[in-house]
Colleague: 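What follows is a single structure, and I will ask about it in a moment.
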2 protein chains.
Amino acid sequence: MKNNIRVERAKHNITQAELAEKINVSRQTINAIELGKFIPSTLLALKIARVFNSTVDEIFSLDNDD
Amino acid sequence: MKNNIRVERAKHNITQAELAEKINVSRQTINAIELGKFIPSTLLALKIARVFNSTVDEIFSLDNDD
DNA sequence: CCATAATGTAAAGTTTTCTTTACTTTTAGT
DNA sequence: ACTAAAAGTAAAGAAAACTTTACATTATGG
């Protein structure tokens, strides 16, 4: 599974720490999700999407491994 | 967080067991997700959405508790 | 170049998801 | 009503997400 959180953050000009704060998770959690180190819950994915005025499906997508 | 997996299953006329098999999880996992007993990973949510030719955001949504 | 913000990483511990097995209850067809 | 399929539930254990603390590395502006 891949994601474009980094790109969305750049578009909206916010840091990992700021995104973390907006959705009430630790900065390390955002970092790990962004780097694909672990898969977030659907709840977090929805919250992240909302911050970016986007959708889960635009931000996260299946890749060949999945 | 709420979901309309039950409705989508009805539309597509498949059982919990069949949905479980399609995305390689146990039937109990589908049951628990459907009943809101736990929140699936984004990977599972994407796979469920794909089975229904739908999107994560159409199937799962935030409620007032979130 | 220097300072500082931002990001990356790691380890220990907690919480939650998910599996497996097994049993009960509900639903639906005949 | 009887049967069988479907759905609900529960408990123990495994696996993964997430937190906290702490420190290292990289990027950026002045």
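Chain letters run A, B, ... following the sequence lines, proteins first and then strands; every chain starts at 1.
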Colleague: Taking only side-chain nitrogens and oxygens of B:Arg9, does any of them come within less than 4.0 Å of OP1 or OP2 of D:dA7?
Modeller: yes
Colleague: Could you go through the side-chain contact (heavy atoms from CB on, under 4.5 Å) check for A:Ile39 and A:Phe60 one step at a time?
Modeller: CA-CA 10 Å; A:Ile39 295 169; A:Phe60 297 90; over 6 Å; no
Colleague: Select base, sugar-phosphate, or nothing to describe what A:Thr15 touches, counting heavy atoms under 4.0 Å on all strands.
Modeller: sugar-phosphate
Colleague: Picking from A:Asp66, A:Asp57, A:Leu62, what satisfies side-chain contact (heavy atoms from CB on, under 4.5 Å) with B:Arg50?
Modeller: A:Leu62
Colleague: Would one find a side-chain N or O of A:Thr29 under 4.0 angstrom from OP1 or OP2 of D:dC18?
Modeller: no
Colleague: Considering all heavy atoms of both residues, which atom of A:Ile14 and which atom of A:Lys22 are nearest to each other, and what is their separation?
Modeller: CD1-CE, 4.4 Å
Colleague: Tell me the interatomic distance from B:Leu19, atom CG, to D:dA7, atom P, rounded to whole angstroms.
Modeller: 10 Å
Colleague: Taking only N and O in the side chain of A:Asn31, is any of them less than 4.0 Å away from OP1 or OP2 of C:dG8?
Modeller: yes
Colleague: Can you check the B:Phe38 CZ to D:dA17 C1' distance for me, whole Å?
Modeller: 13 Å
Colleague: Scan A:Gln28 against the nucleic acid and name what it touches under 4.0 Å (heavy atoms): base, sugar-phosphate only, or nothing.
Modeller: base
Colleague: Rounded off to whole Å, could you give me the CG-to-P distance for the B:Leu44 and C:dT16 pair?
Modeller: 18 Å
Colleague: Got more than 12 heavy atoms from elsewhere within 6.0 Å of CG, A:Asn13?
Modeller: no
Colleague: CD1 of A:Ile30 versus P of D:dA17: gap in Å, rounded?
Modeller: 14 Å
Colleague: With a 3.5 Å distance limit and no angle check, can you tell me whether A:Asn31 reaches the backbone of A:Lys37 through a side-chain donor-acceptor pair?
Modeller: no
Colleague: Would you mind reading off the distance between A:Asn24 atom CG and D:dT20 atom C1', rounded to a whole angstrom?
Modeller: 16 Å
Colleague: Between P on C:dT17 and CD1 on B:Ile23, what's the gap in Å once rounded to a whole number?
Modeller: 15 Å
Colleague: From CG of A:Leu35 over to P of C:dA6, roughly how many Å is that when rounded to an integer?
Modeller: 17 Å
Colleague: Please confirm whether the shortest side-chain N or O distance from B:Arg27 to OP1 or OP2 of C:dA22 is below 4.0 Å.
Modeller: no
Colleague: Side-chain N or O of B:Lys37 versus OP1/OP2 of D:dT9: is the shortest distance under 4.0 Å?
Modeller: yes
Colleague: For the pair made of CD1 in B:Ile33 and C1' in D:dA7, what is the distance, rounded to whole Å?
Modeller: 15 Å
Colleague: Mapping B:Glu34 and B:Ser41 onto DNA chain D by nearest heavy atom, which one lands closer to the 5' end?
Modeller: B:Glu34
Colleague: For B:Val25 and for A:Gln16, find the nucleotide of DNA chain C with the closest heavy atom, then tell me which residue's nucleotide is more 5'.
Modeller: A:Gln16
